[in-house]
Amino acid sequence: MKKYLFVPILLSFFILSSLNQPEDNTNKIVQEGTITNLYDAFGKDTTLTPDFGFSCITKYKGKTILFDAGSNADIFKRNMLQLGIDLTQVDMVVLSHGHFDHLNGIDYVLQVNPNVKIYFPYDIFWGAPVPFDATGQEADVKDSLPKYMQYFNGGNTKFLIKQSGRFWNANIEFVKGSKEILPGLFLIATSSQYMGYFSCYPGKSFVEGQFEQDADHCKNTNLPELSLAMKTDKGEVLIAGCSHTGIENIVNETMKTTGNNIELLYGGFHLLPFDRPQTLRIVQLLRQDLKIHRVAPAHCTGHLAFKILKDTFQGDYVYAGLGETISY
Ligand SMILES: [Fe+2]
């Protein structure tokens, strides 16, 4: 008798234990043709930790793409576990630029997926090879010195420094120009003249006890930035990280590179510093001149721009707070 009872008890045990198994949420969340906001300071899901920064994930033609990784690796990790995102499934990472609020979660990404392909702007301050001229002033002085005082024992003084950088041992590519990396998948490269790395050394003229500033010696390298464009039947789906280049410039570069209109503009538009007239002007430009169909603003877009974009785009405004998944 006991033998006959044993089978249903065992079956019930297996059924109950399978119900208790944690679900594999990955395939539910990263669906083809969707974007999920993984890191932001606003959202509806109170189980997630809000923080100022940005990250999102999408799946395009079977490839899972992580775009940016937020400000804090601990918060990023916590939200990934809460959302059930399995970062080992990520095929490639696109990092928009070298600011902390888009970058630091990469430490967690590389811990769980150390060989993942990373695309990064060509930014020498984060590891891109540095073209360098070490000849210095009065070029003929070099040859007057003994070889052991000359750089590289008298070798070439114009060279490329292949530094290890922030992403030592990572599978990283520093991207200089816009390009198609897979059919229909484009990296859009722009640079901000407002930000970057300014260096200024004493000029050549020494006037009244002071070096005069000389334009040749004062340079802004501009901040390089990457955005991601995905071709769809309805137009490009464009993800921008922080738009330091100017969101309108990123849109223009995307239209020029892809030859396509913008169906959906997603991410940080960086309108936070702008007042109402400036914001109205840019929003009108996006809607009327650049003919953006839908907008899904996040991150550094700002409260005022959220409001103006919502009023302008109305039904074509897509809410995309932390944890939200939208379709394209
Ligand atoms: Fe940002």
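We count ligands from 1, going down the list as the structure has it; atoms in each ligand are counted the same way.
Ring centroids of Phe159 and Phe152 are separated by less than 6.0 Å, placing the two rings close together. Aromatic rings of Tyr328 and Tyr266 (six-membered ring for Trp) have centroids beyond the 6.0 Å cut-off, not under it.
Closest to the Fe ion (ligand 1) among the N, O or S atoms of Asp101 is OD2.
When distances to the Fe ion (ligand 1) are checked against a cut-off of 2.8 Å, His102 contributes an N, O or S atom below that limit. Coordination check, His299 versus the Fe ion (ligand 1): passed, since an N/O/S atom of the residue sits under 2.8 Å. At least one N/O/S atom of Cys242, from backbone or side chain, sits under 2.8 Å from the Fe ion (ligand 1).
A salt bridge links Lys179 with Glu173: the closest approach of a Lys/Arg side-chain nitrogen to an acidic carboxylate oxygen falls below 4.0 angstrom.
Using modelled atom types, one finds a donor on one side chain and an acceptor on the other under 3.5 Å when comparing His299 with Asp101.
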